[in-house]
Amino acid sequence: MPTNWLPESINIIGKQVDSLFVLIFGISLVAFILVEFLLIFFLIKYKRTKQNQEGLAVHGNTKLEIIWTLVPALILVGLGIYSTQMTYDIQKASAADAYEIEVIGRKWSWEFKYPNGASTINKFMVPEGKDVVLKVTSVDVIHSLWIPDARLKQDAVPGRETVIPLGKLQGGKEYPVICAEYCGTAHTKMLATMTVGKEDEFNKFLADAKKASEEGPQAGEKLAMQSCLSCHSIDGSKSAGPSWKGLYGSEKKLTNGQMVKVDDEYIKESITNPGAKVPEGYSPMPPVAKFDEKQLKSITEYIKTLK
């Protein structure tokens, strides 16, 4: 059922959802107009007048009561059957050779993992014209993956992997990806983007993502998203730990009164031995995941970019 007053959906599933929405909205609109019309009609017809101070006493009408009970019930049952069948069709829509992307929600970012081992944070690309399946989960609290242009919203639940088909998409603009479940203080910052790439563009994206996943600032950003940025901000705002914005190269006063310059060695020591040099005004950092030398260097490289 085509519409020109809803945002254009980018996949078949979105168009099916739009059709269901238009159907329900149309039925609701007709019912609303009918009820309001009858309400106003009877208010005027049976209003109190000088000749009729008590109004008309209305008694029950069994025939009418059966009609206005049975008709809405049949409509609701029909909508339930139609929407349930649509849900099953959507769940079975994925092809056997669909391209699978793992989607992991965490406070407060989205991670996307690809079959070649690459992963990206807060942005992902899908191949144009190919069936895509998203496998959604969470590592901490309940999040909700929402892609408005695909009419897709799916809870990301810890310990559960939910498989949802995205269908075939055509190349175009960048689409927003939002967390639709309040998940903590930085919930509103849990934003990502989705793009659709042609075959050569998608292959280049995968190769670059694979390389960036292994070392460098982008690898550091991913590690930080996973382990550090729930306590450290990157925009200068206050948090449980010092903000990383403009941190590298600055001088910090420690709890023991000493001054220290933030360089590679200090960052490494702060991560591997959090209680050694605690900045003034903060508590010792709790133990974090163990990082190898390459990962520590990648995190440091990422911090350097936050000027």
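Partners of Asp263 under the side chain to side chain donor-acceptor pair (under 3.5 Å) rule, at least two apart in sequence or in another chain, do not exist in this structure. Remark: Lys252 pairs with Leu247, Ser250, Val260, Val262 by the side-chain contact (heavy atoms from CB on, under 4.5 Å) rule, at least two apart or across chains. Scanning for side chain to side chain donor-acceptor pair (under 3.5 Å) contacts around Gln295 gives an empty result, with sequence neighbours left out. Judged as a side-chain contact (heavy atoms from CB on, under 4.5 Å), and not counting sequence neighbours, the contacts of Phe42 are Leu38, Tyr46. Shown here are the side chain to side chain donor-acceptor pair (under 3.5 Å) partners of Asp155, two or more places apart in sequence or in another chain: Ser144. For Lys63, the side-chain contact (heavy atoms from CB on, under 4.5 Å) test picks out Asn61, Ile67, with sequence neighbours left out. Residues satisfying the side chain to side chain donor-acceptor pair (under 3.5 Å) test with Asp264, not counting sequence neighbours, are Tyr248. Scored by the side-chain contact (heavy atoms from CB on, under 4.5 Å) test, Asp200 finds Lys198 as partners (sequence neighbours excluded).
Checking Ile299, Leu306, Thr300 one by one against Tyr302, the side chain to side chain contact (heavy atoms under 4.5 Å, CB included) holds for a single residue, Leu306. In summary, of the residues considered (Ile147, Asp149, Thr193), a side chain to side chain contact (heavy atoms under 4.5 Å, CB included) with Pro176 occurs for Asp149 alone.
When all heavy atoms of Val133 and Ala98 are compared, the closest pair comes out as CG2-CB, 3.6 Å. Contact record, Gly197 with Phe202: O-CB, 4.1 Å, taken as the closest heavy-atom pair. The two residues Ser298 and Gly216 come nearest to each other via the heavy atoms OG-N, 3.2 Å. The two residues Ile101 and Met125 have their closest heavy-atom pair at CD1-O, 3.9 Å. When all heavy atoms are compared, the tightest approach of Gly241 to Tyr282 is C-CE2, 3.5 Å.
Checked by atom type and distance alone, the side chain of Lys245 pairs as donor or acceptor with a backbone atom of Lys307 at under 3.5 Å. The main-chain N or O of Glu269 is never found under 3.5 Å from a side-chain atom of Asn273 such that the two would form a donor-acceptor pair. No donor-acceptor distance shorter than 3.5 angstrom exists from the side chain of His143 to the backbone of Cys183, with no hydrogens or angles considered. In this structure, the side chain of His232 does not engage the main chain of Ser243 through any donor-acceptor pair within 3.5 Å. Judged purely by atom type and a 3.5 angstrom limit, Ser119 has no side-chain atom pairing as donor or acceptor with the backbone of Phe112. Under the 3.5 Å distance criterion, the side-chain polar atoms of Ser138 are left unmatched by any main-chain donor or acceptor of Ile142. In this structure, the side chain of Ser19 engages the main chain of Lys15 through a donor-acceptor pair within 3.5 Å. No donor-acceptor pair closer than 3.5 Å links the side chain of Asn11 to the backbone N or O of Leu169.
Summarising the hydrophobic clusters (Ile, Leu, Val, Met, Phe, Trp, Tyr; side-chain heavy atoms under 4.5 Å, direct or chained), the residues clustered with Leu43 are Leu39. Residue Ile104 shares its hydrophobic cluster (ILVMFWY side chains chained together at separations under 4.5 Å) with Val139. Using a 4.5 Å cut-off between side-chain heavy atoms of Ile, Leu, Val, Met, Phe, Trp and Tyr, Met259 forms no hydrophobic cluster with any other residue.
The environment of Lys130 atom NZ is dense: over 12 non-hydrogen atoms of other residues, nucleotides or ligands sit within 6.0 angstrom.
Using a 4.0 Å cut-off between charged nitrogen and carboxylate oxygen, Lys268 and Glu293 count as a salt-bridge pair.
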Cut-off 3.5 Å, no hydrogens considered: what does the side-chain donor-acceptor table look like for residues 159-167, sequence neighbours left out?
none

